[in-house]
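As structure tokens, the structure follows; a few thoughts come after it.
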Amino acid sequence: MTVTKPTYTPERIDADRRVLELLSQSFPNISAASTEIINLEAILNLPKGTEHFVADIHGEHEAFRHILKNASGNIKRKVTDIFGTSLSSDDIRQLCSLIYYPEQKLEYIHAGDEENLDNFYNITLHRLVKVCQSVSSKYTRSKVRKALPPDFAYIIEELLHESPSDDNKQAYFNRIIETIISTGQADAFIVAMCNVIQRLSIDQLHILGDVYDRGPGAHLIMDTLMDYGKFDFQWGNHDALWMGAAAGSEACIANVLRISLRYCNMTTLEDGYGINLVPLATFAMETYGDDDCECFEPKVDADNPITEKSSRLIARMHKAIAVLQFKLEAALIDRYPQWNMADRKLLHLIDFERKTVNLYGTEFPMRDVNFPTIDPKDPYRLSPEEAELVAKLRHSFLVSDKLARHMKCLFRHGSMFNVCNSNLLFHASIPLNEDATLRDLVIDGTPYHGIGLMRKVEQVMRAAFNIEVPVAQRTQAADFYWYLWCGPDSPLFDKQRMTTFERYFIADKATHKEKEGFYYQLRNDPKVCDMIMDEFGVEGAYRHIINGHVPVKLGKGETPIRAEGKLMVIDGGFAKAYHKTTGMAGYTLVYHSRGFQLVKHDPFTSAEEAIRNGSDIVSTMEIVELSQYRMRVRDTDKGRELQSQIDELIELLYAFRQGIIKERAASVRRSK
């Protein structure tokens, strides 16, 4: 490839002088600038880092943590490539189990054979070094060094860059291993090596929304992410609901509580965030104590059954918060007529005598009309007891320190969309009209669509938590989270209506259907995908849209790869509630230097099973798109950024050599 050297003129140098002067503070002479150019050019020729994309984790913390630990099966493939001809399949499983759960696995090993520990340590350390050498091979020494634990950084670096097969270094290498064992540091060193392997196996993690709801461990997933660091997050509708609740939106709080009770999942609320549910339980027993609340029986995980008494209490709490939700939502609908959601006010359409409800001109029998807090003459008015309950619940959400920390994490790493390495990432939808034009949503009196809509939505979401924004504006922003959750033109929902009321109270399943927006119908057209990617400035010969939100129903013949490969839908149903729907237990999309591969996961048993028996998530890999050549860092967004730095440094060299900017004596500072 022929490289055209840039032409510099005194005028250009003068125009760029301020940038060059600032750059010269870090690279004060020709030697320093030249060294950095060499460093950056070397980085550009390394293989592209491996990106992992996951969506719709929905509180399944054990499965999520496991796919981080095993890099969606990539670590086992690496171990098999290295040791496939020298180790048995059981030895490979046990080594992988150690890499995934080093502390717990070592405890299990110590409880067994203590006599042969030194031999185990020696063999295991040599094997871990080989695995670590493999996963670190595509990174610079500097980047690997940053991933090393401080206590063992020097020793690990020495082992990674020396080979026991080199006769001149064999004794040196072996003596390091022997000394680690003899000084009693083997366990700590093994843990450190395993953690490094895990960290280096995934270069960047992309989460396409919906950490919250359904499963029991959303707070644990957030804890994991706060320690993980190398991730970005595109907010989903369930995340927005919790964000709205954390901002004090009463309608969002009611929805969060209702969904948690529906799926018998109070762990995140109570244990995770310290939300006090006693006032709700007390109110529910006082109000619905003689009601069987049949329509509100929780969906219980067969692996975690509950007592009949607990089920009755949860059902009553569930009904109490659902009725409150419908009232609180009606108040928002009245407050914001521009949302055009008047059709979601349904309580006044109930005929309590006939036990029916009139929807869109059709009368339907009601499954339940026992509503002691609803006044038929003023059905949306809160009773004094309900108003007091709402205030207590809102206070409980607002004072949760851990919830506030997790929200800050979502804002720090999150956004409505992301463009990364020719991929457009967002959770659900870009609202479209029937003719495939971008659909407007009016916010603060101004219509927005496409990229402008996504940016405006994000601006409003952030305003709800910005103390510099006036209180009235923050309140409106908090209210807007509820629209994002269920509004017809919300890019996080994009359906005609959310039929929560119908699913509880009307047996006719035809009323339960939620008609999807035109995006979901039109996104299978490659031309529509190209139009959307053009709108967001996505460039590249091979560019894609990557979504979650709508589970892929493999059993019904659906495929995650659509629009002739331009669109990938990666909601594979991590949550147990979706396993029957999707026929699997989640997807990971892996983008490495050779191209895209889609990893389909079977249900995860437990971490305990993985530790004891070396079991793993059974994953099958499908090749989505392979490149004709191995992609390098220079082919990525990071590569383009580094190339621009190189161009600036070359210009600085010219300025030094021409005497336009004076060199200074200083030590070389390596920035990468």
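Treat the numbers as computed from the prediction; the structure is a model and nothing was measured.
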Please tell me whether [X] and [Y] form a close aromatic pair, meaning their ring centres lie under 6.0 Å apart.
| X | Y | result |
| --- | --- | --- |
| His58 | His238 | yes |
| His413 | Phe231 | yes |
| His206 | Tyr591 | no |
| Phe64 | Phe574 | no |
| Phe411 | Trp235 | yes |
| His66 | Tyr101 | yes |

Side-chain contact test, heavy atoms from C-beta onward, threshold under 4.5 Å: evaluate it for [X] versus [Y] and give yes or no.
| X | Y | result |
| --- | --- | --- |
| Asp239 | Asp210 | yes |
| Phe233 | Val211 | yes |
| Pro551 | Asp56 | no |
| Ile38 | Glu41 | no |
| Ile207 | Leu225 | yes |
| Cys194 | Lys69 | no |

Salt bridge or not between [X] and [Y]? Use side-chain N to carboxylate O under 4.0 Å.
| X | Y | answer |
| --- | --- | --- |
| Arg543 | Asp534 | yes |
| Arg141 | Glu157 | no |
| Arg657 | Glu663 | no |
| Lys78 | Asp81 | no |
| Arg18 | Glu21 | no |
| Asp635 | Lys48 | no |

Examine Lys76 relative to Tyr100 and say whether NZ or CZ is less than 6.0 Å from the centre of the six-membered ring and inside a 45° cone about the ring axis.
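The answer is no, since Lys76 fails at least one limit relative to Tyr100.
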Tell me which one of Ile451, Leu432, Leu453 satisfies side-chain contact (heavy atoms from CB on, under 4.5 Å) with Leu438.
Leu432
Is it true that a side-chain atom of Gln133 and a backbone atom of Leu160 form a donor plus acceptor pair closer than 3.5 Å?
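Yes, because the side chain of Gln133 sits within donor-acceptor range (under 3.5 Å) of the backbone of Leu160.
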Is there a salt bridge (charged side-chain N to carboxylate O under 4.0 Å, His left out) between Lys138 and Asp203 once you walk through the steps?
CA-CA 10 Å; Lys138 63 170 62 177; Asp203 190 48; over 6 Å; no
